[in-house]
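Note on naming: letters A, B, ... go to the chains in the order of the sequence lines (proteins, then strands), and numbering restarts at 1 for each one. Keep in mind that what you see is a predicted model, and the values were worked out from it rather than measured.
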2 protein chains.
Amino acid sequence: MSWSIAELARISGVTSRTLRHYDAVGLLPPAWVAGNGWRHYEREQLLRLQQILLLRNLGLGLRGVAEILERDSRDGTVVVLRRHRRRLIEEQERLRRQLGTVDRTIDEMQEGGTMTADTMFDGFEHNPYEAEARQRWGDEAVDASYERMKGWTPADADKARTSYGRVHEGLAALLAGGVAAADDRVQELVDLHYQVTSLFWTPNAEAYRGLAQMYVDDERFTRNIGQGNDALVAYLRDAMSVYAGTRLR
Amino acid sequence: MSWSIAELARISGVTSRTLRHYDAVGLLPPAWVAGNGWRHYEREQLLRLQQILLLRNLGLGLRGVAEILERDSRDGTVVVLRRHRRRLIEEQERLRRQLGTVDRTIDEMQEGGTMTADTMFDGFEHNPYEAEARQRWGDEAVDASYERMKGWTPADADKARTSYGRVHEGLAALLAGGVAAADDRVQELVDLHYQVTSLFWTPNAEAYRGLAQMYVDDERFTRNIGQGNDALVAYLRDAMSVYAGTRLR
DNA sequence: CTTGAAGTTGACGTAACGTCAACATATACG
DNA sequence: CGTATATGTTGACGTTACGTCAACTTCAAG
């Protein structure tokens, strides 16, 4: 009264390769192995396999399955399942974010938009506008900017990647709240903007005002920064202008 | 004006190993390689890397990223993104189901329940009750049942794994709808129940009635079948009894 | 010239099997 | 009884996107 590997496979709906794998990792050894090497399974193994497949259906890995079956206690099982539950929720959250970004990206592209990350390299016209940047500020300035990036610490790089986005978000909230461009909270964000910009080059008051005006005049920047909210870009310009007047020279 | 691999890594926030990998798979070859084998990257590569990381953030695999960058067209990008979107949604759905099952399992276990799949092997008292089954129906009957499983086709196995669940679900719906146990729709489900049971053993009218009564008398069966809905189990018994009277002898 | 930082090319490990390949054994049949 | 066929066995590679050594070379500074 025992089944061969293929019989158990048919009965349970997995492949014999899977059963051999479970044997190899010690999760489901056969009841006994004949002299010719053939594996034989009995009802005990069928029941264990049933448990294994049940747990695998929950998304558990073989490690988690093994842990539960080894502990063989209600409490132990609940502990493992709770941990697994947290991981599932994290996964779900990640998928939710990715799906949202994908949807937004598809929409933008269908409206003729492009795929530039606003998280990076808006700083000195790297990106589609580099030729113009060379024309506007000169070759040495652009090359010097690239050179400067070599000295970045990991923290600098992180700041360059994330801070523009935070500035834009923060300013949008303040603008929505009716806060004046000269307000300290706004100027604090502009200070962050200036710091990030300084990772690429160091504008003086005049250059910083010019940069601010360019955000408004050049629709590519307007789109990229404001994401459709043109008032935000004007707000940023005003705030940068104040900053230039009070903190730069 | 070029960066070494470590410089580009720091700037972009990935490891140099990743950059070598992208080189190896042809996703991001360096601008040029010096005579000593050192990789050198320029602004073009930085921009491409930026795109790569952006797409990876959407959850795309390197294959998908490469496909988008190779096509280099709005339409092509949208096609790939839509396909990716569908995969994300499927993943999300899978996670949702798993999370639901995990939650239900945790609840059941905390109420002192166990973890038996109702999808399989409720058929002939395999499961915790085998000793009793041997006592009730005799060793030969049980062994013959195991033997019979050897002859299952994949379709049989699938039926054994899924059909009891479908019967219980269907009956619950009919019961909720106030349909009589002798109704054709109910009897059709019972027929499926009988077919599945027959994969394990072949009850005659008397044995089938006895089985039905046992579902009601033994609380382990009642719990497993009814999931808290005791009326459902009684309903099943009545329906099986009708079936035995009209279709079996 | 030594040393340390940074570069290079392998190569293994990860998760859970799918998919050959090469070979042995069991079973049915003429 | 020889043979075809089904079924079994043990490797071993492939998959995904790198992380993590290891062994060795090269560049820059003191």
Would you say the ring centroid of A:Tyr146 lies under 6.0 angstrom from that of A:Trp201? no

Identify, between A:Gly61 and B:Ser16, the residue whose nearest nucleotide on DNA chain C lies closer to the 5' end. B:Ser16

Do the charged groups of B:Glu91 and B:Arg86 touch, with an N to O distance under 4.0 Å? no

Short question: side chain of A:His168, backbone of A:Asn224 - any donor-acceptor pair under 3.5 Å? no

Separation between CD1 (B:Ile5) and CG (B:Asp23), nearest 0.5 Å, reads 7.5 Å

Nearest to the A:Ala6 side chain among D:dG8, C:dC17, C:dT8, which nucleotide is it? D:dG8

Could you please spell out the steps behind the side chain to side chain donor-acceptor pair (under 3.5 Å) verdict for A:Tyr41 and A:Ser4? CA-CA 6 Å; A:Tyr41 297 86; A:Ser4 74; over 6 Å; no

Is a salt bridge present between A:Arg10 and A:Glu7, judged by a nitrogen-to-oxygen distance below 4.0 Å? no

Mind running a 4.0 Å heavy-atom check of residues 81-95 of chain B against DNA chain C and sending the residues that fall below it, in number order? none

For the pair A:Asp156 (side chain) and A:Thr153 (backbone), establish whether a donor and an acceptor sit closer than 3.5 Å, ignoring hydrogens and angles. yes

Across the strands shown, which category fits B:Thr15 at heavy-atom distances under 4.0 angstrom: base, sugar-phosphate, nothing? sugar-phosphate

Got a list of protein N/O to nucleotides 20-24 of chain D N/O distances below 3.5 Å?
residue, atom, partner, partner atom, Å
D:dT20, O4, B:Arg17, NE, 2.9

Calculate the interatomic distance between A:Arg56 atom CZ and C:dA16 atom C1'; express it in whole Å. 7 Å

Base, sugar-phosphate, or nothing for B:Arg20, non-hydrogen atoms under 4.0 angstrom? base

Can A:Thr202 and A:Arg148 be counted as having a side-chain donor-acceptor contact under 3.5 angstrom? yes

Please tell me if B:Tyr22 has a side-chain N or O lying less than 4.0 Å from either OP1 or OP2 of D:dC18. yes

Scan A:Ser4 against the nucleic acid and name what it touches under 4.0 Å (heavy atoms): base, sugar-phosphate only, or nothing. sugar-phosphate

Identify all pairs in which a protein N or O lies below 3.5 Å from an N or O of nucleotides 24-28 of chain C, and state each distance.
residue, atom, partner, partner atom, Å
C:dA26, OP1, A:Asn36, ND2, 3.0

Checking B:Trp32 against B:Glu42: is there a side-chain donor and acceptor pair closer than 3.5 Å? yes

